[in-house]
Protein chains: 2
Amino acid sequence: MTRSEENYLKTIFHLGGGRDASITTNAIAEQMETKPSSVTDMARKLAEKGLLHYKKYQGVSLTDLGTKKALSIIRKHRLWEVFLVEKLDFTWDEVHEVAEQLEHIKSEKLIDKLDELLDFPKYDPHGDPIPTKDGKFMERDKKLLSEMPISASGVCVGVKDSSVPFLKFLDKNKIALGNTIKVLEKEDFDQSLRIQMEGKDFRISHQIASNLYVKTE
Amino acid sequence: MTRSEENYLKTIFHLGGGRDASITTNAIAEQMETKPSSVTDMARKLAEKGLLHYKKYQGVSLTDLGTKKALSIIRKHRLWEVFLVEKLDFTWDEVHEVAEQLEHIKSEKLIDKLDELLDFPKYDPHGDPIPTKDGKFMERDKKLLSEMPISASGVCVGVKDSSVPFLKFLDKNKIALGNTIKVLEKEDFDQSLRIQMEGKDFRISHQIASNLYVKTE
DNA sequence: AATTAAATTTAGACAAATCTAAAAATTGAT
DNA sequence: ATCAATTTTTAGATTTGTCTAAATTTAATT
C-alpha cells in the first residue's frame, strides 16, 4: 500500500466509513484538502483492491479488509504519539504532524516492540483508544466536562477538539491528561465553569469545557 | 527534499563523493539498483538545486550543501539504528531496512530528542560513527582483526561487510560489538585464526577476520 | 590517429497521484 | 414531476521519478 492509499483509508475511517455508512467524495476531499476528482480516482483504485465498497455517485465505505488496514494505521499513529510524549517529551500539540509521517513506516516487528517499550498503552496522549494488533479497541466511558453536574469530579482523559491552538492553550494552562477536576460552580449567564484542578481554582469558558473529556468512574 | 533526492545524496556520499572525487553515473546506478539514465536526470535536478557539482559526462560530486544534507540523513539513519538495537532489541541484521525508512522522517526536534534519549551515542550498531548535528564525525581508530599480530587483543567495534548474511552469522556465533577478542594463533595454511572471546576459544576463517574491525587502544 | 568498446546522455514513454474544466447524475424545492 | 443547484465523474493535462532504445561522447587499443 502506498502512503497515499493509507491516508485515504485512515480518513474514511475517521469520517465514519466503517459499517456501511456511505461517505461522500466531497467529504473526503474536504478533509484531505484535495479535489473531489482526485478522490474519485482513488476510490476506484481502492475498490479494485478490495479495500472499499464503491458505486459511482453512491459514496464509499470500508470493506472488512479496508477497516483492518485503517485500524492498523491508526494503531501505529497513536503508538507513535505515545512514544513522542512519553519518551521524547513532546507536547500534545507537537505530536500529530510527526506521527503522520511515522505511521507509514513498514515493519511489524517495529510496532510490536514499540508497543512493548511503551508498556502496551491503551490510550494515546489525546485520550483516544489505541487499537490492538487484531483491530479491537474500546472507546472509553467518558463525558464532556460541560455536561458534568456541580460538585461532581473526574479525571481528564481526552479532548474533543485536537487542533493545535486548543492543545497549546491547554498546555499553557497546565491542563493535562490525568488531572483530577471537580466542578465547583456553573455560571448560568455564560455557562462558564469554576473548577478545582490540582489544588487550584480556575474559571474556564464553556468553549473549553465542551472540548474536554472527563472520566467519572 | 524528496525521499528520492535524499537517497541519491546519501548514496553519492557513501561512494566517496565528498571533496571533489567525481562519482560516475554508472556507479550510482549500480549502487541504487536503478538505470544510468535515471541517475543523469536526477543529477541535473540536484545540480540545479545546488546540491551537486555536475558536468555532462564528467560525473558528480557533492557541494558543501549537498554534503551537509547527506550527513544529516546519515546521522538520522545511524541514530535510528541505535534506537532499534538499544531500545527495541533489534539484531544487527534487522536494523538497516527499517532505518532506511525512518531516516526520511522530517522533524528536527524528533532527532534531537532521540539523540538525547540514546545518550548521545558516537557510533551505530555496526561501529560506524554518527555525525553530529553540525556534520562532524570521527572515524574510529580501528584495524581489521585479520591484521592483528598474535597475542594482541582488542575490542570488537565494527564490521566491514554489513550484509545481512554476515551479520546473521555473527549473531549466531555470539560475536557482538564490545566483545574483547585476543588472537591466539594464526594458521599459515588458510590464514584462519584461533581467538579467545568472552572466555571461549574459537576458530574463525580469514573471510570473517577480514571483515571485523577491532580497536586496539 | 583511427577505430572500437564502454559509458553517458537524449528522446520519448509510462505509472502514480494530482489538477482543471466540462459533462453527467443526483438531490431537493417548488 | 420538473428544473435548478449541487455533487460527482470524466477527459485531458501536469509533475515526479522511472524506464527503454537510440544517439552521443569518452576511453582504450592498436
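Excluded from the calculations below are hydrogen atoms, water molecules and symmetry mates; all remaining heavy atoms, backbone and side chain alike, are included. Labels below follow one simple rule: chain letters A, B, ... track the order of the sequence lines, proteins then strands, and each chain is numbered from 1.
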* Pair B:Glu6 + B:Lys106: basic N to acidic O under 4.0 Å ->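 Yes, charged N to carboxylate O under 4.0 Å.
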* Asked: Would you say the ring centroid of B:Tyr123 lies under 6.0 angstrom from that of B:Phe137?
  ->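 So the answer is no for these two rings.
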* Asked: With a 6.0 Å cut-off on ring centres, are A:His96 and A:His77 close enough?
  ->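 A:His96 vs A:His77: aromatic centres under 6.0 Å.
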Can you tell which of [options] lies closest to the side chain of [X]?
| X | options | result |
| --- | --- | --- |
| B:Thr24 | C:dT18, D:dT9, C:dT8 | C:dT8 |
| A:Arg44 | C:dT8, C:dC19, D:dT10 | D:dT10 |
| A:Ser4 | C:dT8, C:dA16, C:dT18 | C:dT18 |
| A:Tyr57 | D:dT9, D:dT20, C:dT10 | D:dT9 |
| A:Thr25 | D:dT18, C:dC19, D:dT8 | D:dT8 |
| A:Thr2 | C:dT9, C:dA16, C:dT18 | C:dA16 |

Does a nitrogen or oxygen in the side chain of [X] sit under 4.0 Å from OP1 or OP2 of [N]?
| X | N | answer |
| --- | --- | --- |
| B:Thr40 | C:dT10 | no |
| A:Ser38 | C:dC19 | yes |
| A:Asn26 | D:dT8 | yes |

* Asked: If you take atom types as modelled and just measure distance, does the side chain of B:Ser37 reach the base of C:dT8 with a donor-acceptor pair under 3.5 Å?
  ->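 Looking at the base of C:dT8, it does not pair with any donor or acceptor on the side chain of B:Ser37 (distance under 3.5 Å).
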* Can you name the nearest heavy-atom pair linking B:Val183 to B:Ile195, along with the distance? ->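 B:Val183 and B:Ile195 have their closest heavy atoms at CA-CG2, 4.3 Å.
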